[in-house]
Undergrad: 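Just dropping this structure here.
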Protein chains: 2
Amino acid sequence: MADMTDKAGVLERWISQARKGYFEMLLLARLQAGRAYGYQIVASLKQVPGFENLAEGTVYPVLTRMRNDGLVTAEWVAEDSGAPRKYYTTTQFGAEVLAEMKAIWAAMSAALDAQEVTS
Amino acid sequence: MADMTDKAGVLERWISQARKGYFEMLLLARLQAGRAYGYQIVASLKQVPGFENLAEGTVYPVLTRMRNDGLVTAEWVAEDSGAPRKYYTTTQFGAEVLAEMKAIWAAMSAALDAQEVTS
DNA sequence: CAAGATATATAGCAATGCATAGTAGTTGCT
DNA sequence: AGCAACTACTATGCATTGCTATATATCTTG
């Protein structure tokens, strides 16, 4: 429960909300930069500020949903050494959706700045 | 139910998620630009792209929560004409929190762009 | 006075996502 | 053989949001 001046508490709750939506876009952007497998994605995105504690249980359901939506495809790849890995790749459709997401995100940022001036 | 290539459907669901968190920040930014009352805020934010259908039932609960968190204060003001209005103003604490929200938002945007390069 | 615009507020609902935690299998090292 | 690290995935529960609908009251206008 957030105290009246518990900045960390207020921000923490806000971040957990702000992450929604953003995370899917971030994940899509990560795959757009090059195919990757689940475990690698988790390790990679853990380095993004605010995602230090990213769990696999968060990533896999999103990957499944994105595959159902046709944003990405998955493909098993047998490696020279180690267990086979499931690589995810963005589809053409996924690339288009990502572009629109980014445009909307940019519009949101612009609307935010616009408030400052509009007295 | 989103079809495999139903771009509008996919984006719509994404936007409804991306709005979370963003809306609170937008509202705080609006009040930071100058005090306002609920009905006015609704009319004002309806002009922001993506919020054309913003409802009062969405705004008032958020204002109440923000007041409970100490981000804003509310004050009844008797008008020369018309019913009295309840004006909301950001507190010092609210201004600090808004600044941090914006910083986090900017960091998120930066992390998004960073993905493109990191192959 | 009646109708409509203005203004604030709450209750209930549907949808969603995230985190925790656990399952299961493989590979490599000692 | 045994253990740690790697890899993929699922289930459940919690918390939250935003919308719809509703209630209430005042003011303005015809």
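To find a chain, count down the sequence lines: A is the first, B the second, and so on, and within it residues start at 1.
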Undergrad: Looking only at side-chain N and O atoms, does Arg85(A) come under 4.0 Å of OP1 or OP2 in dT26(C)?
TA: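 Negative; the distance criterion is not met.
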
Undergrad: Which nucleotide in the set dA9(C), dT16(D), dT10(D) lies at the smallest distance from any side-chain heavy atom of Gln17(A)?
TA: dT16(D)

Undergrad: Could you tell me the separation between the CD atom of Glu75(A) and the P atom of dT7(D), rounded to a whole number of Å?
TA: 17 Å

Undergrad: May I have the distance from Ile15(B) (atom CD1) to dG17(C) (atom P), rounded to whole angstrom?
TA: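 One finds 14 Å between P of dG17(C) and CD1 of Ile15(B), rounded.
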
Undergrad: Tell me whether the OP1 or OP2 atom of dT10(C) has a side-chain N or O from Tyr60(B) closer than 4.0 Å.
TA: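 Tyr60(B) to dT10(C) OP1/OP2: no side-chain N or O under 4.0 Å.
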
Undergrad: Please tell me which of Glu56(A) and Phe23(A) maps to the more 5' nucleotide of DNA chain C, matching each residue to the nucleotide holding its nearest heavy atom.
TA: Phe23(A)

Undergrad: Take atom CD of Gln40(A) and atom P of dA5(D), then tell me their distance rounded to the nearest Å.
TA: 19 Å

Undergrad: Do any side-chain nitrogens or oxygens of Tyr39(A) fall under 4.0 Å of OP1 or OP2 in dA8(D)?
TA: no

Undergrad: Drop me the distance from Glu96(B)'s CD to Met101(B)'s CE, to the nearest 0.5 angstrom.
TA: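 Rounded to the nearest 0.5 Å, the CD-CE separation comes to 12.5 Å.
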
Undergrad: Report yes if a side-chain nitrogen or oxygen of Thr58(A) is closer than 4.0 Å to either non-bridging phosphate oxygen (OP1 or OP2) of dC18(C); otherwise report no.
TA: no

Undergrad: In whole Å, I'd like the distance from the CG atom of Asn53(A) to the C1' atom of dA19(C).
TA: 10 Å

Undergrad: Taking OP1 and OP2 of dA8(D), is either one under 4.0 Å from a side-chain nitrogen or oxygen of Tyr88(A)?
TA: no

Undergrad: Measure the distance from NZ on Lys46(A) to P on dA19(C) and round it to the nearest whole Å.
TA: 12 Å

Undergrad: Nearest whole Å is fine: how far is dC18(C) P from Lys20(A) NZ?
TA: 6 Å

Undergrad: Rounded to whole Å, please give me the gap between NZ in Lys86(A) and C1' in dA24(C).
TA: 14 Å

Undergrad: Is Tyr37(B) close enough to dT8(C) that one of its side-chain N or O atoms is under 4.0 Å from OP1 or OP2 there?
TA: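 Result: no.
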
Undergrad: Would you check if the side chain of Thr90(A) reaches a backbone N or O of Val72(A) as a donor-acceptor pair within less than 3.5 Å?
TA: no

Undergrad: Can you classify the ring geometry of Tyr22(A) versus Trp105(A) as parallel (below 30°), tilted (30 to 60°) or perpendicular (above 60°)?
TA: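 Taking Trp105(A) first and then Tyr22(A), their aromatic rings sit tilted (interplane angle of 30° to 60°).
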
Undergrad: Just to confirm, is there a sub-4.0 Å distance from OP1 or OP2 of dG17(C) to any side-chain nitrogen or oxygen of Arg65(A)?
TA: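 For Arg65(A), the contact criterion (side-chain N or O under 4.0 Å from OP1 or OP2 of dG17(C)) is met.
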
Undergrad: Looking at Glu52(A) and Gly50(A), would you say the former's side chain and the latter's main chain have a donor-acceptor pair under 3.5 Å?
TA: yes

Undergrad: I want to confirm an ordering. Mapping Gly21(B) and Gly38(A) to their closest nucleotides on DNA chain D, which one lands closer to the 5' end?
TA: Gly38(A)

Undergrad: Nearest whole Å is fine: how far is dA9(C) C1' from Leu63(B) CG?
TA: 11 Å

Undergrad: Rounded to the nearest 0.5 Å, what separates atom CZ in Arg67(B) from atom OG1 in Thr89(B)?
TA: 11.5 Å

